[in-house]
Amino acid sequence: MSRFRTIEVSDPAYESAGLRFLTVKTPSLQGRGDICVFVPRGVRSDEVLPIVILLHGVYGSHWSWSQKAGVHLTAQRMIDAGQLPRMLLAMPSDGLMFDGTAYLPHNGRRFDDWIVRDVPAAMVEAGLPTSLDAMRFIAGLSMGGYGALRLAAKHPEYFAAFAAHSAITEFVQMGEFVEEDLDDYGCGDDERSAFGALAASAIRLPPFRFDCGIDDTLIDANRALHQRLLDINLPHIYVEHPGGHDWAYWATHVATTLRFFGDQLKA
């Protein structure tokens with residue numbers, strides 16, 4: 001039985017650069033959600049490819065990773081060069097509430113379930129070359145980095161690895177980016193802590209990494225999260241690079257995350 005009342009899939013005759021577009025109506029959102037999917041060249045219909053879910057930041061949507069960073073072009077170059085196994089990139093909208101949902105539950109709308117459960121299910125129902133048993137990864141930038149850290153920690157059984165770039169590390173930092181009052185987000189403090197979720201799932205977490213630009217306004221927050229993880233002896237990779245909180249940084253360093261996920265597949 002379908003999870004969705006309706007599902008619309010772009011026509012391959014009009015697709016380009018391996019990008020496919022889905023719109024589904026789901027109870028998780030109490031409405032419709034959009035997903036952009038990158039399908040590498042030469043994939044057979046009977047293949048079962050792993051899924052990498054890429055979460056966007058505030059103000060963005062399902063088109064952001066492809067149209068602001070060209071991540072699909074990066075992935076195809078790496079695949080062609082033998083640096084990356086073939087994989088699907090799933091780039092969903094966050095649910096499009098406020099300037100950003102933070103991928104948190106809100107007054108009956110499960111923006112978290114939309115990402116963790118609906119996105120892979122929609123890809124299978126749309127006939128993409130994957131399955132609900134395929135290996136799954138998640139990463140994001142800024143608000144999407146916060147979402148990736150928190151969602152993977154809350155649901156470690158769904159992901160083989162996870163990563164974040166320039167992440168918001170605690171919910172209160174959303175106030176630096178959104179115009180809405182943070183009290184308008186309808187979830188409790190126990191739902192909001194990325195570190196709390198990571199610490200609570202410490203013995204079950206898959207491998208993860210995060211990085212941040214040294215000129216990023218969130219650099220101190222990322223350093224603090226790194227130190228807190230060291231304090232509880234929670235294994236992780238943390239790296240700093242030149243750069244700020246911008247698409248030039250993310251377009252460059254997403255290749256490291258894709259390679260990190262590829263290494264998990266090879267292992």
Side-chain angles (χ1 to χ4, degrees), residues 17 36 38 52-79 81 83-84 87 89-94 99-103 137-153 161-179 194-195 198 207-230 234-264:
C36 173
F38 166 66
V52 173
I53 300 174
L54 293 176
L55 304 182
H56 64 78
V58 292
Y59 325 131
S61 190
H62 63 291
W63 56 267
S64 299
W65 269 108
S66 65
Q67 303 307 302
K68 299 282 277 187
V71 66
H72 58 305
L73 304 178
T74 297
Q76 188 65 68
R77 283 195 300 269
M78 294 175 70
I79 291 168
Q83 299 170 351
L84 190 69
M87 54 180 59
L89 305 185
M91 297 163 276
S93 70
D94 69 332
D99 280 331
T101 66
Y103 305 95
F137 306 88
I138 190 168
L141 63 89
S142 192
M143 177 187 76
Y146 167 77
L149 293 173
R150 181 186 161 277
L151 292 176
F162 60 103
H165 302 286
S166 315
I168 288 172
T169 61
E170 292 294 340
F171 178 74
V172 66
Q173 296 155 20
M174 283 286 290
E176 300 177 28
F177 298 94
V178 303
E179 71 170 350
F195 173 76
L198 291 165
F208 72 102
R209 70 174 307 279
F210 63 108
D211 60 60
C212 194
I214 57 176
D215 296 320
D216 197 310
T217 57
L218 295 174
I219 186 65
D220 290 339
N222 277 258
R223 288 170 175 168
L225 176 60
H226 170 54
Q227 186 59 54
R228 294 180 78 184
L229 296 173
L230 290 176
L234 203 164
H236 65 284
I237 298 168
Y238 173 65
V239 183
E240 296 179 1
H241 302 285
H245 200 82
D246 54 44
W247 280 103
Y249 180 90
W250 303 319
T252 298
H253 295 290
V254 68
T256 303
T257 282
L258 295 178
R259 193 173 292 109
F260 176 64
F261 293 159
D263 289 344
Q264 308 308 313

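Computed over heavy atoms, backbone and side chain alike; hydrogens, waters and symmetry mates excluded.
Between G100 and D94, the closest heavy-atom pair is CA-OD2, 3.4 Å. Taking every heavy atom of both residues into account, A163 and T257 meet most closely at CB-OG1, 3.6 Å. Between L73 and A17, the closest heavy-atom pair is CD2-CB, 4.4 Å. The shortest non-hydrogen separation linking L149 to L198 is O-CD2, 4.0 Å. Counting all heavy atoms, side chain and backbone alike, M87 lies closest to I79 at N-CD1, 4.4 Å. In terms of heavy atoms, S142 sits closest to W250 at CB-CZ2, 4.5 Å.
Residues F177 and I168 have side chains in contact (heavy-atom distance under 4.5 Å, counting atoms from C-beta outward). C212 is listed as a side-chain neighbour of I219, based on a closest heavy-atom distance under 4.5 Å. For the pair L55/P92, a side-chain contact is recorded, criterion being any heavy-atom separation below 4.5 Å from C-beta on. Side-chain contact between H56 and M91: absent, with no pair of heavy atoms (C-beta onward) separated by less than 4.5 Å.
Here OG1 of T252 is found 12.0 Å from CH2 of W247. Values are rounded to the nearest 0.5 Å. With rounding to the nearest 0.5 Å, the separation of CD in Q76 from CZ in F38 is 4.0 Å. Between the CG atom in L89 and the SG atom in C36 there is a gap of 9.0 Å [rounded to 0.5 Å]. The CE atom of M174 lies 8.0 Å from the CG atom of D99; values are rounded to the nearest 0.5 Å. Distance CG/L258 to CG/D263: 11.0 Å, rounded to 0.5 Å. The OH atom of Y103 lies 12.0 Å from the CZ atom of R150; values are rounded to the nearest 0.5 Å.
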Worked check of side chain to side chain contact (heavy atoms under 4.5 Å, CB included) between Y249 and D211: CA-CA 10 Å; Y249 180 90; D211 60 60; 2.7 Å; yes
Pair H165-R209, side chain to side chain contact (heavy atoms under 4.5 Å, CB included): steps then yes or no: CA-CA 9 Å; H165 302 286; R209 70 174 307 279; 3.9 Å; yes
Test log, rule side chain to side chain contact (heavy atoms under 4.5 Å, CB included), inputs F195 and T169: CA-CA 7 Å; F195 173 76; T169 61; over 6 Å; no
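Counting only residues at least two apart or on different chains, no side-chain hydrogen bond (donor to acceptor under 3.5 Å, both in side chains) pair has a member in residues 58-68.
Residues passing the salt bridge (charged side-chain N to carboxylate O under 4.0 Å, His left out) test with E240, sequence neighbours excluded: R223.
Using cut-offs of 30° and 60° on the angle between ring planes, the pair F210 and H226 is perpendicular. Ring planes of F162 and F208: parallel class, angle under 30° (limits at 30 and 60°). By the 30° and 60° cut-offs, the orientation of the rings of H241 relative to H253 is parallel.
Under a 3.5 Å cut-off, the side chain of N222 and the backbone N or O of S166 do not form any donor-acceptor pair.
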